[in-house]
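Remarks on the structure that follows.
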Amino acid sequence: MAPPGILNRYLLLMAQEHLEFRLPEIKSLLSLFGGQFTSSQETYGKSPFWILSIPSEEIARNLMKRTVCAKSIFELWGHGKCPEELYSSLKNYPVEKMVPYLHSDSTYKIKIHTFNKTLTQEEKVKRIDALEFLPFEGKVNLKKPQHIFSILEDYGLDPNHIPENPHNIYFGRWIADGQRELIESYSVKKRHFIGNTSMDAGLSFIMANHGKVKKNDIVFDPFVGTGGLLVASAHFGAYVYGTDIDYNTVHGLGKASRKNQKWRGPDENIRANLRQYGLEKYYLDVLVSDASKPSWRKGTYFDAIITDPPYGIRESTRRTGSQKEIPKGIEKCPESHVPVSLSYHLSDMFFDLLNFSAETLVLGGRLVYWLPVYTPEYTEEMVPWHPCMKLISNCEQKLSSHTSRRLITMEKVKEFENRDQYSHLLSDHFLLYQGHNSFREKYFSGVTKRIAKEEKSSQE
Amino acid sequence: MRLLTHNLLSSHVRGVGPRGFPLRLQATEVRINPVEFNPDFIVRMIPKVEWAALLEAADTLHLIQVPKEPIQGYEHNEEFLRKMHHVLLEVEVLEGTLQCPESGRLFPISRGIPNMLLSDEETET
């Protein structure tokens, strides 16, 4: 057993999607399980191979029970830029740490993975045989070995330029795989109840992980829609609340979003979505409510607020309010006949969201939300700010050539006092974002310009 | 709507402020829906509950065996926790109303879902 204080090195094999979202996910999860992110590498960039130090195997296993960004984790025994370096690195690995997994009563198997190159069976066997110097005393069992070891060879990221020799070779003991299978099993394609903007399953789990959701938490989504984000949090053992201003969506009524389906069936509502995955016991309640005018009493009872507010593109941004003339086609709530049509400026919406989070989150609780940006005008300074909330991460996902959305994660670090409600109004940050209130026009400006160009060229 | 939820809701009618809590509950249809008992979750919720409001709501629904307050050592008292679990999570109001105690404004509950929308004139600035 390694003396306390010595961190063990592990190799994470990462999936190559949502690149920017990966590091914040791993960091959030490590901090959730009592570890801290320590790595000798400056930055990982686009590489799928991450070497990091983790205090214990238990923390490593807990990490893998949550991550959808990492495919597998290995206890790193050696690595190098060429076979010789790998072998000498392996000879330097303490034998007493190897022995528990190599003794004569155990069974094992050695696998080899190559990235961006295919090897022949002969080449693979040669590489495995070259490791004969390792003190393996157990028996090989290819079907159900007790221990699995892996050689991983990194031939870079460019499929058009595959090098003769790998850039890096790693050898380690396989510990666990991540949760990437959740992406398929929770796929929106199979979900009973969906809307136009239901969140992709992978991203919904990433959001729950950025939010450090844990068992017995209460998680709230103020723009709940069809409840996709609640499903992810419930999967990790949190009890969930949702609100939405749209009566039909909350009740699961009205027109269906699926092609070839006209109206929503009786099994299409948020509760049914949770039931589909055996998570109904985590459903607390959903309410029809205006997020700009919340009905929650004073107090801190949410452990996380995880949400995808409307950007005004495929779903309108709305709030309740009177208008001189209510335009035709605006939905009204049959029960309360409240006109729901006043446009909700994006900057006001984030102002309200941050204030609400600062008021109702427990200390240390997280807010995770998507911020739509018009890329030509974006600067980091315009990310909404609040004196009680600390920015943890900001990850971009491109939507089009000139728009993207950013997943913002904030943590509550200070208790809310009444005067905090207004102080960030005075901040320059807040004024900077107001340019995005015309996000909808800017989003479509590229499209309208292109259509005009096409029409012009077809006329010539 | 569960009683845990009722315990967290307040009226946001203009001018009402903290006097908007608790909302007066009236139920025409109630369902008892068993939920898997999770003592750890109930233990976490106990400190967040506003007891007077909970007792008032439980009384309106004619619930019996509702603990009057958290007892000493409740964290390990399974009987207490099971009673609280039942009151907070297993009683669902399907149809009814929530009334602002100050302004009298009614918020309907239908199919178990409260509708808290107010018009602009009615809400806080």
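The sequence lines fix the lettering, A, B, ..., with proteins before strands; numbering per chain opens at 1. As a basis for the values below, the full set of heavy atoms in this structure was taken, side chains included, without hydrogen atoms, waters or symmetry mates.
Considering only heavy atoms from C-beta on, Met1(B) stays 4.5 Å or farther from Leu284(A) through its side chain. Side-chain contact between Phe107(B) and Ser289(A) is absent, with no heavy-atom pair separated by less than 4.5 Å.
To the nearest 0.5 Å, the span separating CZ on Arg14(B) from NZ on Lys293(A) amounts to 9.0 Å. Here CG of Leu4(B) is found 5.5 Å from CD1 of Ile218(A). Values are rounded to the nearest 0.5 Å. Rounding to the nearest 0.5 Å places CG of Leu287(A) at 7.0 Å from OG1 of Thr5(B). Within the model, atoms NE2 of His251(A) and OG of Ser110(B) stand 4.0 Å from one another, a figure rounded to the nearest 0.5 Å. Distance OG1/Thr243(A) to CD1/Ile113(B): 12.0 Å, rounded to 0.5 Å. Taken to the nearest 0.5 Å, the CH2 atom of Trp296(A) stands 9.0 Å off from the CE atom of Met116(B).
Here the closest heavy-atom approach between residue Arg2(B) and residue Tyr283(A) is recorded as NH2-O, 2.8 Å. Taking every heavy atom of both residues into account, Gly112(B) and Asp285(A) meet most closely at O-OD1, 3.9 Å. Minimum heavy-atom separation, Asp217(A) to Arg44(B): CA-NH1, 3.4 Å.
Counting only distance, with no hydrogens or angles, the side chain of Asn38(B) and the backbone of Asn216(A) share no donor-acceptor pair below 3.5 Å.
Looking at Asn33(B), only its side chain comes within 4.5 Å of chain A, counting heavy atoms on both sides. Looking at Leu89(B), the atoms closer than 4.5 Å to chain A (heavy atoms on both sides) all sit in the side chain, from C-beta outward. Neither the backbone nor the side chain of Tyr282(A) comes within less than 4.5 Å of any heavy atom in chain B.
A 6.0 Å sphere centred on CD of Glu79(B) holds no more than 12 heavy atoms belonging to other residues, nucleotides or ligands. Enclosure of atom NZ in Lys48(B) by more than 12 non-hydrogen atoms of other residues, nucleotides or ligands within 6.0 angstrom is indicated.
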Chi angles and distances behind the side-chain contact (heavy atoms from CB on, under 4.5 Å) call for Glu50(B), Arg297(A): CA-CA 10 Å; Glu50(B) 288 284 340; Arg297(A) 66 155 155 92; 3.4 Å; yes

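A salt bridge does not link Lys281(A) with Glu90(B): none of the charged nitrogens is closer than 4.0 Å to a carboxylate oxygen.
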